[in-house]
Every structure is written in C-alpha cells, then in structure tokens.
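For the single chain, residues carry numbers from 1 onward in sequence order. Please read these numbers as outputs of a predicted model, since none were measured by experiment. Just so you know, ligand 1 is whichever comes first in the structure, and atom 1 is the first atom listed for that ligand.
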Amino acid sequence: MAARPALASGVRELGTESAFSVLARARALERAGRDVVHLEIGEPDFPTPPHIVEAGCAAMRAGETHYGPSAGLPELREAAAAELARTRGVPIDPERVLVGTGAKPFLFFTILATCGPGDEVVHPDPGFPIYESAIRWAGATPVPLPLHEASDFAFDVDELGARLGPRTKLVILNSPQNPTGGVVGAGALRAAADLILRTPAWVLSDEVYSRLLHDGEFASIAGVPGMLERTVVLDALSKTYAMTGWRCGYAAVPEALVEPLTRFFVNSTSCVPPFVQLAGVAALQGPQDAVTAMVDELRARRDVVVAGLNGLPGVACRTPRGAFYAFPNVSAVPLDADALATRLLDEAGVAVLAGSAFGAAGVGHLRLSYAASREDLGRAVDRMGSFLDGLGGR
Ligand SMILES: Cc1ncc(COP(=O)(O)O)c(C=O)c1O
C-alpha cells in the first residue's frame with residue numbers, strides 16, 4: 001500500500017483568527033433556523049462609498065484587469081505616500097510605499113523578511129492573533145507585552161524596556177488597537193521610541209484603524225525622529241473605507257525592506273488587482289465625508305454598547321477610544337469567558353469572541369465588534385442580560 005502523504009511539521013505552528021471560525025459556527029446555526037446577532041467579525045457594516053465602487057467599475061470597464069507591478073501602481077503608491085506623510089507628519093517617498101492584498105500580507109511578510117529562529121518579537125497582549133501566528137511560523141520567539149486594563153489598555157514603558165534585548169528583532173505596535181480599542185498617545189510612543197532606538201530592532205506599526213478614532217489625536221511612532229528608517233507604517237483601505245473584501249493595504253517601509261517585501265509579493269500574490277488599486281486612489285483622494293459619517297455613527301454605537309454592557313451583572317467595560325471593539329471584563333460572571341462566549345452563541349444567539357483568543361492577557365474578557373446596527377447592539381445587550389440573569393450571581 002502507498003505511504004500516506006503528510007503535512008509539513010511547521011503547519012502546526014500556524015495559528016488562526018477565531019473571528020472566522022465563530023462566524024462559520026454562527027452561520028451554521030442560522031442555516032438551522034436560529035437568529036444570531038453578529039458581533040464577532042471585525043468589519044464595518046457600512047457599504048463601500050459609491051464613488052469608490054464606481055471608480056473600481058470604471059477601471060474594470062477601461063480594461064484595468066491584468067497584472068500590474070508587484071510593488072503597486074505608481075498612482076496608488078503616490079496617493080498613499082501623500083496620505084501617510086500628511087497624517088503621520090513625516091515626508092514619505094512613494095518609492096518606499098508598497099501595496100498589498102490587505103494589511104495582513106504585510107504582517108506576515110515583514111515578520112518573515114526580518115525574523116528567524118533565535119530572534120525575539122515583542123507584540124501586544126492581548127493583540128491581533130495573526131502576529132503570534134506569523135512569529136511562530138517564522139521560527140522566532142513571541143514576547144508578549146501586556147496591555148493594562150486599568151490604564152485603558154496602555155502598555156507600561158518600563159515593561160517594554162524589560163522585554164527589549166540583544167535578541168529583539170522586531171517590535172509590533174498597534175494603535176488604535178484590536179481587540180481593546182486602546183489608543184497609544186504621542187508621549188508613550190516617544191518613550192517607546194527612545195528605548196527601541198537603543199536596540200537594532202525593526203518596528204511594525206499596525207495602524208489600520210488610524211482614522212477610526214473617537215477621542216484624542218492619532219499618533220504614529222513613525223513621527224518620532226529616527227523611527228521612519230526602521231518602521232513599517234502599515235495602513236489599509238479595509239476599515240477606513242469599509243473595503244474589507246476588496247483586499248487592499250499599503251505601507252511605508254524602510255528602504256532596506258522595499259526589495260525583499262516586493263519579492264515576497266512576486267512570490268505570492270503577484271499584485272493587487274489594478275482596478276482595486278484605482279478604486280483605492282479614489283478612496284484616498286476623493287471626498288472623505290463618508291468616513292466622517294461612519295466614525296460619528298461608530299462613536300454613537302460605542303456609547304450605546306458600553307453603557308449597555310456596564311448595566312449587565314458581572315460585566316465591566318472600559319470606554320474604547322478607537323477602532324470598533326469593546327473588550328468587557330467578565331471575570332465576575334460565574335462562568336469562564338470561553339464558556340460564556342460559546343454559550344452566548346448557542347443559547348442566546350449572540351456571536352462574540354473570547355478574549356483568550358487574543359493572548360493570555362485577554363483571559364476573562366469578551367470582544368464585541370460594535371460595527372453593527374444600534375438595533376442589533378440593543379438586541380445583543382438584551383439577550384446577554386437575560387442569559388446572565390439566568391446564570392444568577394448578581
Ligand atoms: C489590527 C489589525 N491588523 C490587520 C488586520 C487585517 O486587515 P486587512 O483586512 O486589511 O488585511 C486587522 C483586521 O481585523 C486588524 O484588526
């Protein structure tokens with residue numbers, strides 16, 4: 001009998017994003033006739049603004065349907081460079097801007113291009129699970145940097161300092177943050193940069209929620225003198241313009257990474273569809289009123305959901321300052337958060353994620369996306385309330 005084909009051993013190291021598995025389970029329940037409120041997946045429920053859709057369709061009709069340069073179309077690299085320079089307060093050469101199929105490939109390829117066995121990567125905990133997945137896939141060692149609920153999920157600069165050493169190859173930052181909605185201020189970024197500049201570490205600054213800010217001002221570590229040369233400044237059309245399915249992200253990268261990252265794109269995706277990139281130019285250069293309206297609505301929804309959650313027994317929720325996630329502490333509920341998330345879906349028809357999916361520091365929390373209608377948010381809070389009342393322990 002023929003030997004059975006086997007998977008590569010490294011496949012075990014590859015993590016996942018529980019949002020997609022919970023979504024699949026929720027959809028299966030819906031197919032069986034159940035009603036589910038979806039607060040699990042991290043994407044705006046708004047349509048892509050019509051002028052962007054029209055630009056994509058016009059580009060398709062004009063024949064922009066073939067391969068393009070792997071680094072991105074010059075038009076989008078220039079528009080993205082101008083946008084990054086304006087919003088981060090540093091001059092950015094379009095030659096250093098690359099375009100990829102969303103932000104995710106930049107996470108993976110930056111880690112693969114800079115890290116290997118023996119290297120350490122500092123990353124936020126709780127944090128976007130793909131960081132740890134890619135770090136492990138590269139054979140490097142993840143070094144979690146705890147975010148503290150008591151300080152609205154900020155990291156402690158001394159704790160960052162204690163994690164930096166000769167083996168630190170990369171530091172990953174994310175603000176506004178998934179899953180906590182925390183925002184890192186300019187002061188903390190300056191202090192972090194001061195420490196990082198004493199090491200040879202690269203920085204990956206995941207800023208995909210840069211425009212989704214409810215209080216205060218956005219700051220990027222790339223704006224601190226000396227940092228741009230070692231920082232991948234990552235943004236995407238996905239969240240800002242409700243374009244998650246279009247798959248288009250961009251980053252300003254250090255000069256030494258332009259060629260290696262482009263080679264990763266040549267080896268994998270070849271290019272982002274040119275008609276998508278031209279829609280991206282329309283997004284960045286066109287009217288921004290849809291973004292403003294979306295952020296205003298998200299802020300109102302945040303206020304509704306945070307007030308609702310804080311009225312539930314055993315639940316305490318800080319007010320997130322950016323992105324569209326609430327990260328309530330449910331450690332006073334007489335059920336652990338993983339079981340709570342499962343039972344909320346199965347018994348109450350509310351799909352949320354367990355905080356443990358985002359790292360050890362996420363234990364005892366849930367993550368809810370409030371990029372859902374106010375009506376759905378109200379239904380979710382009501383259903384959670386009835387479920388928790390049924391558990392007792394108020
Ligand atoms: C922090 C963070 N980075 C990156 C991504 C991926 O973005 P994209 O859909 O553009 O690949 C997400 C998506 O949820 C995210 O939350």
Side-chain angles (χ1 to χ4, degrees), residues 15-23 38-46 48 52 72 76 80 83 98-111 121 123-135 145 147 153 155 170-184 203-213 218 220-221 232-251 261 264-265 268-269 272-273 276-277 279-280 283-284 298 320-327 352-353 355 357-359 362 367-372:
T16 189
E17 216 188 319
S18 65
F20 287 100
S21 39
V22 174
L23 176 65
H38 290 275
L39 305 184
E40 74 278 45
I41 198 90
E43 67 174 347
D45 60 326
F46 300 84
T48 303
I52 300 175
L76 182 55
E83 167 71 7
L98 302 177
V99 177
T101 48
K104 260 186 184 166
F106 283 102
L107 302 179
F108 225 88
F109 295 155
T110 300
I111 291 167
V121 184
H123 64 97
D125 178 14
F128 189 47
I130 300 307
Y131 305 146
E132 192 177 332
S133 171
I135 295 165
L145 173 64
L147 306 182
F153 300 105
F155 61 81
L170 176 70
V171 176
I172 301 177
L173 300 172
N174 172 215
S175 174
Q177 215 247 349
N178 178 7
T180 65
V183 173
V184 186
V203 173
L204 171 55
S205 187
D206 183 343
E207 303 176 2
V208 298
Y209 299 101
S210 62
R211 299 276 299 276
L212 307 188
L213 200 67
F218 171 73
S220 169
I221 199 164
V232 170
V233 190
L234 176 59
D235 209 330
L237 304 173
S238 308
K239 316 284 179 174
T240 307
Y241 299 100
M243 293 177 72
T244 46
W246 294 68
R247 309 310 301 141
C248 191
Y250 55 87
L261 288 176
F264 271 102
F265 290 134
S268 53
T269 51
V272 175
V276 168
Q277 296 189 60
L284 293 176
L298 287 174
R321 292 169 51 214
F324 39 66
Y325 305 110
F327 201 62
V352 298
L353 304 184
F358 297 87
R367 191 199 76 169
L368 286 73
S369 163
Y370 56 82

Would you say Pro126 and Leu147 make side-chain contact, with heavy atoms under 4.5 Å?
-> yes
With a 4.0 Å cut-off, would you call Lys104 and Glu17 a salt bridge?
-> yes
Do ligand 1 and [X] have nitrogen or oxygen atoms that lie under 3.5 Å from each other?
{"X": "Tyr131", "value": "no"}
{"X": "Pro105", "value": "no"}
{"X": "Lys239", "value": "yes"}
{"X": "Tyr209", "value": "yes"}
{"X": "Asp206", "value": "yes"}

Answer yes if the side chains of Gln177 and Ser175 hold a donor-acceptor pair under 3.5 Å, and no otherwise.
->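 There is no such pair (donor and acceptor under 3.5 Å, judged by atom type) between the side chains of Gln177 and Ser175.
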For [atom], the protein heavy atom that lies nearest, with its residue and separation:
{"atom": "atom 10 (O) of ligand 1", "answer": "Ser238 OG, 2.6 Å"}
{"atom": "atom 12 (C) of ligand 1", "answer": "Phe128 CZ, 3.5 Å"}
{"atom": "atom 8 (P) of ligand 1", "answer": "Ala103 N, 3.4 Å"}
{"atom": "atom 9 (O) of ligand 1", "answer": "Arg247 NH1, 2.9 Å"}

Heavy-atom pair with the smallest gap, counting every atom of Val272 and Gln277 =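 Nearest heavy atoms, Val272 then Gln277: O-NE2, 2.8 Å.
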Out of curiosity, [X] [atom1] to [Y] [atom2], how far, rounded to the nearest 0.5 Å?
{"X": "Asp125", "Y": "Leu145", "atom1": "CG", "atom2": "CG", "result": "8.5 Å"}
{"X": "Arg367", "Y": "Glu40", "atom1": "CZ", "atom2": "CD", "result": "9.0 Å"}
{"X": "Leu76", "Y": "Leu284", "atom1": "CG", "atom2": "CG", "result": "6.5 Å"}

Are Phe218 and Tyr209 an aromatic pair by the rule of ring centers under 6.0 Å?
->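 Phe218 vs Tyr209: aromatic centres not under 6.0 Å.
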Within the 6.0 Å centroid threshold, strictly below: Phe358 and Phe128 = no
Hey, which atoms in ligand 1 end up nearer than 4.0 Å to a heavy atom of Gly102?
->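 Numbered from 1, ligand 1 contributes 10 (O), 11 (O).
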Looking at Asn174, which atoms of ligand 1 are within less than 4.0 Å of one of its heavy atoms?
->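 Answer for ligand 1: 1 (C).
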Val208: heavy atom below 4.0 Å from ligand 1, yes or no?
->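 Contact check Val208 vs ligand 1: positive.
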Which is it for Ala236 and ligand 1 at heavy atoms under 4.0 Å: side chain, backbone, both or neither?
->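 The answer is the side chain.
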Hey, is Ile130 touching ligand 1 through its side chain, its backbone, both or neither, going by heavy atoms under 4.0 Å?
-> neither
Which of the listed options, Glu17, Glu43, Lys104, holds the heavy atom that is closest to atom 6 (C) of ligand 1?
->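 It is Lys104 whose heavy atom sits nearest to atom 6 (C) of ligand 1.
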With Phe264 via ring-ring contact (aromatic ring centres under 6.0 Å, His included) - residues at least two apart =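 Residues passing ring-ring contact (aromatic ring centres under 6.0 Å, His included) with Phe264: Phe109.
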